[in-house]
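One structure below.
Hydrogens, waters and symmetry mates play no part in the numbers below; they use all other heavy atoms, side chains included. Note that ligands are numbered from 1 as they come in the structure, with each ligand's atoms numbered from 1 the same way.
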Amino acid sequence: MIALRLSACLLALIATQPAFAQGDAPGSNPIIRDVFTADPAALVVGDRVYLYAGRDISNDKYYNMPDWLAYSSTDMKTWTAHGTVLKPTDFKWARSDAYASQVVEKDGKFYFYATAKHNKPDTAMAIGVAVSDSPTGPFVDARGTALITNDMTPQARHDWSDIDPTVFTDDDGTSWMMWGNEKAFLVKLKPNMIELDGPIREVQLPHYTEGPWLHKRGDIYYVTYASWDKGDVGEYISYATAPSVEGPWTYRGKLTGMAENSTTIHPAIIEFKGQSYFFYHDGGLTIGDQKGGSYRRAVRVEYLEYNPDGTIKPIVQTKAGVSVPPN
Ligand code: FUB
């Protein structure tokens, strides 16, 4: 009897082992571990997912982001590094600060929408677009000037109000860009993807801070974004849905809690091979003697699941990530 009980205990212990081992299995979090990465954006091209992220090289007191890195995967578990695919100084108008970006495909070309600090005399953050025939570049400045500059959004007063572009192409082929810090803005893009096609509108999104990500599933449009309420010590992700990219948006609540050890969190959502995924970053990675934090972040990924009514199930930030099957 005692022997039986012992072996039952042993079996129970063994059964818990994979939970620890999975911490380092392919697909576990964080997914990039040799450099600090932030502000993930993902793009599905055929049977491959491309992941873009800004590189954090800070001394952990302020942002220091020299370039954007690209990675790709066919199984969401093992990632191939493609190195630096763009840096702020590749834009004629920019000088530094590789903040959040998104790459989208249209008519066989890849458009890299990126935030960077504008050259003097305008030293505010601005948004530009670079173009390539390949998702891994080389990307070249598509305009020679920024697409969005600080003076174009007088409703927002600080000089980092024009950051974090997300670009979404609707079923009718019309492309839209949303962006902004503290206030969210929306504008239609011309079919050439490098010029604005109409006025910039402000979008009212409850609890909005920054980092919007637009996507559509069925008839429902989603905007997922970083939120920060008075008294919070960091951002969480929330989302809203609408019957059109132009709204009206209905707030659907929190999707995540705060990221570990980071005041920011930043979303990207894709569907790949029949499964939806949610990318984000936290500050939980340590590399050598460099501890992670708000300015030394690490990209992570979780499964994303919808309810039958199209709302999204709350996302739990896990160590196992996608190394284990979805529930
Ligand atoms: O990485 C710099 C900024 O921090 C991004 O643009 C924001 O979304 C936040 O993650």
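- Shown here are the ring-ring contact (aromatic ring centres under 6.0 Å, His included) partners of Tyr71, two or more places apart in sequence or in another chain: there are none.
- Under 4.0 Å is where a charged nitrogen must lie from a carboxylate oxygen, and between Asp133 and Lys109 at least one such pair does.
- Other residues, nucleotides and ligands contribute at most 12 non-hydrogen atoms within 6.0 Å of the CG atom of Asp219.
- Taking 4.0 Å as the cut-off between side-chain N and carboxylate O, Glu246 and Arg201 count as a salt-bridged pair.
- Ring orientation note: the planes of Phe168 and Tyr221 are nearly perpendicular, at an angle over 60° on the 30°/60° scale.
- Closer than 4.0 angstrom to ligand 1 sit non-hydrogen atoms from Asp39, Tyr63, Met65, Tyr99, Ala100, Ile163, Asp164, Glu210, Thr264, His266, His281, Arg297.
- Counting heavy atoms of neighbouring residues, nucleotides and ligands inside a 6.0 Å radius, atom CG of Asn59 exceeds 12 of them.
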